[in-house]
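In each ligand, atom 1 is the first atom listed, and ligand 1 is the first ligand listed. Position 1 is the first residue of the sequence, and the numbers go up from there.
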Amino acid sequence: MSGILVVTGGSRGIGAATAILGAKRGFSVAVNYNNSPDRADQVVAEIQAAGGTAHAIQADVSTEAGATSLFEQVDSKLGTVTALLNNAGIIQKNALIADYTAAMINEQMTINVTSQFLCAREAVKRMSTDNGGSGGAIVNMSSAAARLGGGGSLLAYAASKGAIDTFTKGLAAETAKQGIRVNAVRPGLIETEIHDGTGDMDRINNLMAGVPMGRAGTALEVAEAVIWLLSHEARYVTDTNVDVTGGR
Ligand code: NAP
């Protein structure tokens, strides 16, 4: 596998695992981060120690300036993007419908949805065979929450991931004849730091009983699905949603 992989939110969790696995499989990797330069540097160091190529790039991908600057820096430091993992995201504190304000809803949607639109736009501009590009593949990070609905705790988060499923379907159709494949991965309960954002510091243990396989997943288990979707082996796969949920 070769090419240039951009991972948004690559400094921790699923993004970091995908950056490291992607580099092992031959991608040169842009490890995007927003607030955690040390964590992004650790991911880059691990990739370089194994003989791979990676750069850490700071950008708030939920903003026009951030998304644009990320891809300009990738152009100059690594070359033209061929694979994108739209991964950056947050989970807010648990809330019921009565608790929501416009500011909370907009924050959740801007970070989880607007960011994926902006980064996909920058990637498609460069990948599209209509613009002289060589094509590429995009994976959008969704969640099982898109199916489960998030009622009782995470309504806005779940709705943001529902939007990602619809975005994936539309973008796949729009770009299929431009040499670009677009798919989504829907992780279930995965052991990362994101759960702390809910305010429930024992969230994984509290939800474990609802996982048919009886355990949480690992970031690597999600990364493996992502890298397959980005690979040549998935060359006839587009507009697909892969659940990595232990049956949840
Ligand atoms: P995580 O460990 O909390 O990591 C989140 C990453 O997103 C960090 O690298 C963070 O970077 C980055 N990020 C957040 N806002 C950003 C912004 N505005 N611009 C750039 N980077 C930003 O989370 P995770 O569990 O790996 O989740 C990754 C994705 O998987 C998310 O989209 C999440 O919704 C989805 N997911 C996770 C689970 C799960 O159980 N863990 C389940 C389903 C779906 P900084 O630290 O540098 O800010």
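- In summary, the atoms of ligand 1 found under 4.0 Å from a heavy atom of D60, numbered by their order in the structure, are 17 (C), 18 (N), 19 (N).
- Not one N or O of N112 is nearer than 3.5 Å to an N or O of ligand 1, by distance alone.
- Atom NZ of K77 is surrounded by more than 12 heavy atoms from other residues, nucleotides or ligands within 6.0 Å.
- Using a 4.0 Å cut-off between a side-chain N of Lys or Arg and a carboxylate O of Asp or Glu, E221 and R215 qualify as a salt bridge.
- Scanning the protein for heavy atoms near atom 13 (N) of ligand 1, the closest one is A88 CB, 3.8 Å.
- In terms of N/O distances under 3.5 Å, ligand 1 is approached by V61.
- Using a 4.0 Å cut-off to heavy atoms of G188, the atoms of ligand 1 that qualify are 38 (C), 39 (C), 40 (O), 42 (C), 43 (C).
- Considering only non-hydrogen protein atoms, atom 15 (N) of ligand 1 sits nearest to I111 CG2, 3.8 Å.
- The closest donor-acceptor contact from the side chain of R248 to the backbone of M213 lies at 3.5 Å or more, if one exists at all.
- When each atom of ligand 1 is checked for a heavy atom of A59 under 4.0 Å away, the hits are 19 (N), 20 (C).
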Can you give me every donor-acceptor pair (side chain of residues 89-97, partner residue at least two apart or in another chain, under 3.5 Å) with its distance?
unit_1	atom_1	unit_2	atom_2	d
Q92	NE2	M104	O	2.8
Q92	NE2	E107	OE1	2.7

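- For atom 40 (O) of ligand 1, the nearest non-hydrogen atom of the protein is I190 N, 2.9 Å.
- Judged by distance alone, the side chains of N241 and D165 do bring a donor and an acceptor atom under 3.5 Å apart.
- Taking 4.0 Å as the cut-off, G217 does not count as a neighbour of ligand 1 on heavy-atom distance.
- Remark: minimum distance from atom 9 (O) of ligand 1 to any protein heavy atom is reached at S11 OG, 2.7 Å.
- Ligand 1 has no N or O atom lying under 3.5 Å from any N or O atom of Y33, backbone or side chain.
- Regarding atom 46 (O) of ligand 1, its nearest protein heavy-atom neighbour is S36 OG, 2.5 Å.
- Considering backbone and side-chain atoms alike, M141 places every N or O at 3.5 Å or more from each N or O of ligand 1.
- Taking distance alone, with nitrogen or oxygen atoms compared against 3.5 Å, G9 approaches ligand 1 more closely than that limit.
- Not counting sequence neighbours, the partners of F117 by the ring pair (Phe, Tyr, Trp, His ring centres under 6.0 Å) test are F167.
- Polar contact with ligand 1: present for I14 (N/O pair, distance under 3.5 Å).
- Protein heavy atom closest to atom 1 (P) of ligand 1, with residue, atom name and distance, is R12 NH1, 3.4 Å.
- Ranking protein heavy atoms by distance to atom 41 (N) of ligand 1, first place goes to T192 OG1, 3.0 Å.
- Under 3.5 Å, the side chains of D243 and T245 contain no donor-acceptor pair of N or O atoms.
- The shortest heavy-atom contact between I190 and I204 is O-CD1, 3.9 Å.
- Closest to atom 36 (N) of ligand 1, if we only count protein heavy atoms, is Y157 OH, 3.6 Å.
- Every N/O-N/O distance between G15 and ligand 1 stays at or above 3.5 Å.
- Neither side chain, T68 nor E72, offers a donor N or O lying under 3.5 Å from an acceptor on the other.
- Considering backbone and side-chain atoms together, N35 places an N or O closer than 3.5 Å to an N or O of ligand 1.
- For T8 (side chain) and N87 (main-chain N/O), a donor-acceptor pair under 3.5 Å exists by modelled atom type.
- Under 4.0 Å is where a charged nitrogen must lie from a carboxylate oxygen, and between D75 and R126 at least one such pair does.
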